[in-house]
2 protein chains.
Amino acid sequence: MSEKERKKATIYDLSVLSGASPSTVASVLNGTWRKRRISKDTASKILSLAREHDYTANLQARALRSSRSGLVGLLLPVYDNRFFSSMAQTFESEARKRGLVPMVVSGRRDPEEERRTVESLIAYAIDSLFIAGATDPDGVHEICIRAGLPHVNIDLPGKFASSVIADNRQGAEALTSAIIRHAETLGRLGSNDVYLFGGRDDHASRERIAGFHAVKQSVFGAVTKGDIEITGYSPGATALAFDRFFDKHGRLPKCFFINSSINFEGLLRFMGRHDGEAFGDIVVGCFDYDPFASFLPFPVYMIRPNISKMLERGFELLEEPKPLTIMITPELVPPRTALEGPLDALKDPSPPFVFAD
Amino acid sequence: MSEKERKKATIYDLSVLSGASPSTVASVLNGTWRKRRISKDTASKILSLAREHDYTANLQARALRSSRSGLVGLLLPVYDNRFFSSMAQTFESEARKRGLVPMVVSGRRDPEEERRTVESLIAYAIDSLFIAGATDPDGVHEICIRAGLPHVNIDLPGKFASSVIADNRQGAEALTSAIIRHAETLGRLGSNDVYLFGGRDDHASRERIAGFHAVKQSVFGAVTKGDIEITGYSPGATALAFDRFFDKHGRLPKCFFINSSINFEGLLRFMGRHDGEAFGDIVVGCFDYDPFASFLPFPVYMIRPNISKMLERGFELLEEPKPLTIMITPELVPPRTALEGPLDALKDPSPPFVFAD
DNA sequence: TGTGATTGCACCATCGATGGTGCATAATTG
DNA sequence: CAATTATGCACCATCGATGGTGCAATCACA
């Protein structure tokens, strides 16, 4: 309470103030005092002193001593996209729900940087790591193994560690069917009106492409060669792919599947360079959900992975002794849909003022 | 290298292996060895041993001893929105650029939770804190002061600590002028065709409202009463506001200003419940940038705060002895604009495969 | 060859918290 | 009332790294 409290109080300060030994203070404050047979009187005296001096444990010190830091890491490729930012949001709640403190970092799709950021997490002695979308999962896995760090892959298949992944194959089929069905209501459709853009040589993209082709096969009987264009997870490269397509065919495909919302941003760039005619009659599917994208001026079907279920399962898998892979079914979101998200769970403290007109 | 390396190597391990004392090992590994007059030979022997056993310092221990953790915190209200997720992304690069490790947390617009999450950061002995959009800035400030923690406010005015804020007033004026000008090209416009939705009783909202009214005043000569509706930062409440307006007037305002992209999501929900006619001729301004929102089927002007400049200044202000407030001019983004973002700085390791058609 | 300076490093206390061990004192039992 | 058990707590080493201090060995110089 006193004004001079510049430095944080420690158990030693409270020890002096209360007359108890530091270890007694520690055990009172960390809850182990019952089994250490500390009297209720001593405990409550220390607790009230602690409150008075707003003591909070130095978790670095605790971690050092007990080799459990209470930190859980989440490695993302990037933050600024609705899929990963919802994941960060949900991860934070899930971690805190379990009494853990989340540390979210981004590897920016650079194997080198992924490694460095994970090393930095390990240096702070995180207890476990969630890996969501590393470019080099095996490299990260390797580092975790070396450090004896429990980890799970999220939205990524794991050869060595447990994984929770979206059912990319099934989601891609649902999405492909939906856009083809919609496009067919707008006019005759052939196999060469249906394309896929984005992705790279990773598990998710491969599965999505397989689902895409499977549906095309069953609808059209045949698959057009060259109906996919792999652009990496780069808006710029994806925009170029659309430019190339447009230059060649004088229009965009009637119906196409975009591998992720990051690739979708490539389409936005293309749109920024053309007027409405270039995309007046297209039907788009995107494997990712973004509420704003859902309301663009053409039908956009989206797939929303069930992030909270994926993370919940992830926490369960951490306990699991041997590697398992769990698949979670994503949701198909029809065009013009504004789903509720983690934002809606917030309580806004200021009651809205209604205007009187 | 050996397989048995379960536990991480410490300076004591390297001390035994090298024959040098632990303190020598430490000083070699943390770079202070030159001024401790350790010979080059000893140093390089230890360094190669360290590499061989891939030693990384236990930063918890270092932090405990040196009372500098190397952690910088960022308190966000929420992650999953383009403004804050770009901020997280940029913050991470800026922090790492300075050799610091970022810890990003979200207070979810709950004063209680803001306090708790900041306490948890302090418990891990972060060196400094960036506060971006706390619901109760003074409460958080109070905690920082108590803990002797240097902190700056980002996008928030600071009575007590330094702040970097967007020029809300000027941005709002630019935005309001832009949407009015655009709407006037579509038809005659009166003061009561121009509204503002969203925000709450905070500095940013007040400034924006002031700018909004100033422009209306100068354009129309008078300000319609009840032309703003404060809804809090809640998509749900904002959607209700649009519903109410629509029920009352049979249409949306011809021209309106949305206080933030979170409130914009309320408009999306409204849109999901109505067909295109309800918003066929509207002109919208939003004080936040989202690339997808920029391409919605009506003109959307957006304001993009200059996040990287704000954060850079923030790091500078941490050094500053006395509180300062710096204002950064945001950018007006015309409709149908897909700006590059932090994503574009990424190097995507997989070269795109171009399809042959 | 003796004296002083320099080099190269070891020693040790310390950061804050933890938990095993041990020892008084008090309560219970026969 | 002596012997036993229970209660309540203090003591101490420890986690890994840091940096001030001190000391032996080597070197320079007269």
Side-chain angles (χ1 to χ4, degrees), chain A residues 6-47 50 53-71 122-127 147-148, chain B residues 6-47 50 53-71 122-127 147-148:
Chain A
R6 289 282 53 123
K7 239 36 238 136
K8 292 200 56 183
T10 70
I11 53 169
Y12 298 96
D13 301 332
L14 297 182
S15 159
V16 171
L17 289 167
S18 65
S21 75
S23 61
T24 298
V25 173
S27 70
V28 167
L29 293 171
N30 67 25
T32 57
W33 58 281
R34 300 205 144 279
K35 77 170 181 217
R36 288 193 136 246
R37 300 191 318 239
I38 306 296
S39 73
K40 220 170 181 117
D41 282 3
T42 312
S44 55
K45 179 167 58 169
I46 292 174
L47 284 173
H53 294 267
D54 32 47
Y55 169 85
T56 49
N58 180 324
L59 297 186
Q60 308 251 25
R62 173 180 295 172
L64 179 57
R65 183 56 238 256
S66 61
S67 62
R68 281 206 65 251
S69 66
L71 294 169
I122 291 176
Y124 284 101
I126 55 169
D127 294 333
Chain B
R6 289 280 53 121
K7 240 35 238 133
K8 293 199 56 188
T10 70
I11 54 168
Y12 299 97
D13 301 332
L14 297 182
S15 159
V16 171
L17 289 167
S18 66
S21 77
S23 61
T24 298
V25 174
S27 71
V28 168
L29 294 172
N30 68 26
T32 58
W33 59 280
R34 300 208 144 276
K35 77 171 180 217
R36 291 194 132 246
R37 300 191 318 238
I38 306 297
S39 72
K40 219 169 181 120
D41 282 4
T42 312
S44 56
K45 179 166 59 169
I46 291 174
L47 283 173
H53 294 266
D54 34 48
Y55 169 86
T56 49
N58 180 326
L59 297 187
Q60 308 253 23
R62 172 180 295 172
L64 178 59
R65 181 58 238 256
S66 60
S67 62
R68 281 208 66 251
S69 65
L71 293 169
I122 291 175
Y124 284 101
I126 54 169
D127 294 333

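Sequence lines set the chain letters: A, B, ... in the order given, protein chains first and strands last, and positions in each chain run from 1.
- R37(B) comes within 4.0 angstrom of a base, heavy atoms only.
- Taking atom CD1 of residue I38(A) and atom C1' of nucleotide dT18(C), one finds them 13 Å apart after rounding to whole Å.
- Contact detail for A61(B) and L64(A): the closest heavy-atom pair is CB-CD1, 3.8 Å.
- T32(A) and N30(A) are linked by a side-chain donor-acceptor pair at a separation below 3.5 angstrom, with hydrogens and angles left out of the test.
- R36(B) has its CZ atom 14 Å from the P atom of dG22(D), to the nearest Å.
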TODO: Would you check, one step at a time, whether the test side-chain contact (heavy atoms from CB on, under 4.5 Å) holds for D127(B) with L71(B)?
DONE: CA-CA 6 Å; D127(B) 294 333; L71(B) 293 169; 5.7 Å; no
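- Within 4.0 Å (heavy atoms only), A57(B) reaches sugar-phosphate atoms of the nucleic acid but no base atom.
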- [ ] Under the side-chain contact (heavy atoms from CB on, under 4.5 Å) rule, what do H53(B) and L17(B) come out as? Steps first, then yes or no, please.
- [x] CA-CA 11 Å; H53(B) 294 266; L17(B) 289 167; 3.6 Å; yes
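- Within 4.0 Å (heavy atoms only), A63(B) reaches no atom of the nucleic acid at all.
- Nucleic acid contact for S23(B): base, since at least one base atom lies under 4.0 Å from a heavy atom of the residue.
- The distance from atom CG of L14(B) to atom P of dT18(D) is 12 Å, rounded to the nearest whole Å.
- The side chain of T24(A) lies closest to dC9(D), out of dC9(C), dA17(D), dC9(D).
- When heavy atoms are screened at a 4.0 angstrom cut-off, S27(B) is found touching no nucleic acid atom at all.
- Closest approach of K45(B) to S18(B), counting heavy atoms only: NZ-O, 3.4 Å.
- Relative to the axis of its first five pairs, the axis of the last five pairs of the helix from dT1(C)-dA30(D) to dG30(C)-dC1(D) sits at 50°, rounded to 10 degrees.
- Distance, L29(A) CG to dT18(C) C1': 12 Å, rounded to whole Å.
- When rounded to the nearest whole Å, the span between CG of L64(B) and P of dG19(D) equals 13 Å.
- In this structure, the nucleotide among dC9(C), dA17(D), dA17(C) sitting nearest to the side chain of Y55(A) is dA17(C).
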Open item on the list: Evaluate T10(B) against D13(B) for side-chain contact (heavy atoms from CB on, under 4.5 Å), listing each step before the verdict.
Closed with: CA-CA 5 Å; T10(B) 70; D13(B) 301 332; 3.6 Å; yes
Task: Verdict with supporting geometry, I122(B) and K8(A), side-chain contact (heavy atoms from CB on, under 4.5 Å) - done: CA-CA 10 Å; I122(B) 291 175; K8(A) 292 200 56 183; 3.9 Å; yes
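- OP1 or OP2 of dC9(D) has at least one side-chain nitrogen or oxygen of T42(A) nearer than 4.0 Å.
- Straight-line distance from the CD atom of Q60(A) to the P atom of dT18(D): 13 Å, rounded to whole Å.
- With dG19(D), dC9(C), dG16(D) as the candidates, the nucleotide lying closest to the side chain of T32(B) is dG19(D).
- Atom P of nucleotide dC15(C) and atom CZ of R65(A) are separated by 17 Å, given to the nearest angstrom.
- The distance between atom NZ of K35(B) and atom C1' of dG20(D), rounded to the nearest whole Å, is 11 Å.
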